[in-house]
Amino acid sequence: MTTGLPLTVEVLLWGLIATAAMTTIMLAAQGLGWSRLSIPFLFGTFWTAERHAAYFLGFILFVAGGWGFALLYYGVFVSLARTSWWLGAVLGGLHGVFLLVAFLPLLPRVHPRMASEDDGPTVSRRLEPPGFLGLNYGWGTPLSTLAGMIVYGTILGAFLPLPGGG
C-alpha cells in the first residue's frame, strides 16, 4: 500500500505512527499499575539527572529511536523482498524479546544513574535496575513491552511499501 509520498517520508510517517501506538500501550500499562518501565525516562536520565528534563529529552530520543528502528525494519523487509503484518509482528516480537532478555539487564552496566543488582543504589546511582525481563519494574512489564513491540512491528509490516510498490 503506497500513499504517493516519497519512500523516506512514508518510513518516517509509519515509524512515528508505530512508535505512538507502542508508546500508548506502554504508558497504559504504567497508568494501570502493571509496569513502571518508562524507556523515555531511562534514555533521558542517561543524559541528565533533572527528572523533568530527562523525561522530555528521553521522549525526543525515543521518537528518534522509533524512526531509526523503522528504517531497520524497512531494511529487513527490502532484504527479504516482502512485507506483511505478520512478518512485522514477528520482527517486533523478536525485537521485544531482545530488549527484555539482553538490553534491559545490561543497562545498569552502562547507565550512569542506575544502580546495579550487585552493588545497589548510591548517591549518584538511584534508579532501580530493570532486572531480567524488566520484572523489577512490575509483573506486567514483559507482557506490555512485548505487546507494544509486536504492535509496532505489525504497523510497519502492514503499511511500509517495498520499493517499486512490490
Side-chain angles (χ1 to χ4, degrees), residues 11-77 79 87-157 160:
V11 173
L12 294 177
L13 171 68
W14 289 110
L16 182 62
I17 291 169
T19 301
M22 173 180 58
T23 303
T24 300
I25 291 169
M26 295 174 87
L27 288 176
Q30 278 184 290
L32 293 168
W34 298 344
S35 175
R36 292 182 297 117
L37 176 64
S38 171
I39 295 175
F41 183 71
L42 291 180
F43 285 171
T45 55
F46 197 90
W47 302 104
T48 180
E50 205 279 299
R51 295 180 73 84
H52 294 292
Y55 194 80
F56 181 74
L57 174 61
F59 194 79
I60 291 168
L61 294 170
F62 186 68
V63 170
W67 280 329
F69 277 105
L71 291 169
L72 288 174
Y73 278 54
Y74 178 72
V76 171
F77 296 146
S79 71
L87 180 58
V90 168
L91 288 175
L94 292 172
H95 187 176
V97 168
F98 175 81
L99 176 71
L100 291 165
V101 173
F103 180 77
L104 287 181
L106 283 175
L107 199 53
R109 306 283 183 237
V110 296
H111 197 296
R113 291 172 184 76
M114 185 175 286
S116 75
E117 298 211 19
D118 301 325
D119 301 323
T122 67
V123 172
S124 63
R125 292 180 171 261
R126 297 182 0 195
L127 294 176
E128 180 180 11
F132 182 68
L133 299 179
L135 286 169
N136 289 355
Y137 290 169
W139 63 269
T141 299
L143 299 174
S144 60
T145 301
L146 275 176
M149 297 302 298
I150 289 170
V151 166
Y152 175 86
T154 300
I155 291 170
L156 294 177
L160 281 181

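Please read all numbers here as calculations on a predicted model, not as lab measurements.
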> Could you tell me whether a side-chain N or O of Trp14 sits under 3.5 Å from a main-chain N or O of Leu156, the two making a donor and an acceptor?
no
> Please find the pair of heavy atoms, one from Leu100 and one from Pro105, that lie closest to each other, and give the distance.
O-CD, 3.4 Å
> Just how far is it from atom CG of Leu107 to atom CG of Leu127, taken to the nearest 0.5 Å?
9.0 Å
> Identify the heavy atoms of Trp67 and Thr19 that sit nearest to each other, and give their distance.
N-OG1, 4.5 Å
> Are side-chain heavy atoms of Thr45 and Tyr55 found at a separation under 4.5 Å?
no
> Who passes salt bridge (charged side-chain N to carboxylate O under 4.0 Å, His left out) against Glu50, sequence neighbours left out?
none
> Can you tell me which residue pairs pass the side chain to side chain donor-acceptor pair (under 3.5 Å) test with a partner in residues 91-101, sequence neighbours excluded?
Tyr73-His95
> Hey, does Ile39 have a side-chain heavy atom less than 4.5 Å from the side chain of Leu99?
yes
> Would you call Pro40 and Leu61 a side-chain contact if the rule is heavy atoms closer than 4.5 Å?
no
> Taking atom CD of Glu128 and atom CE of Met114, what is their separation to the nearest 0.5 Å?
9.0 Å
> To the nearest 0.5 Å, tell me how far Leu104 CG sits from Phe132 CZ.
10.5 Å
> CZ of Phe46: more than 12 outside heavy atoms within 6.0 angstrom?
yes
> Using side-chain heavy atoms (C-beta onward) and a distance below 4.5 Å, is Val76 in contact with Leu72?
no
> Does anything in residues 138-156 form a side chain to side chain donor-acceptor pair (under 3.5 Å)? List the pairs, not counting sequence neighbours.
Ser35-Thr141
> Between Phe62 and Met22, which heavy-atom pair has the shortest distance, and what is it?
CZ-CE, 3.5 Å
> Rounded at 0.5 Å granularity, tell me how far NE2 in His111 sits from CG in Leu106.
13.5 Å
> Is it the case that more than 12 heavy atoms not belonging to Phe69 sit under 6.0 Å from its CZ atom?
no
> About how many Å separate CG of Leu27 and CG of Leu37, when rounded to the nearest 0.5 Å?
10.0 Å
> Kindly give the heavy-atom pair with the smallest separation between Phe77 and Gly157, and that separation in Å.
CZ-CA, 3.5 Å
> Would you call Val151 and Thr24 a side-chain contact if the rule is heavy atoms closer than 4.5 Å?
no
> Side chains of Pro130 and Pro108, heavy atoms from C-beta outward: is any pair under 4.5 Å?
yes
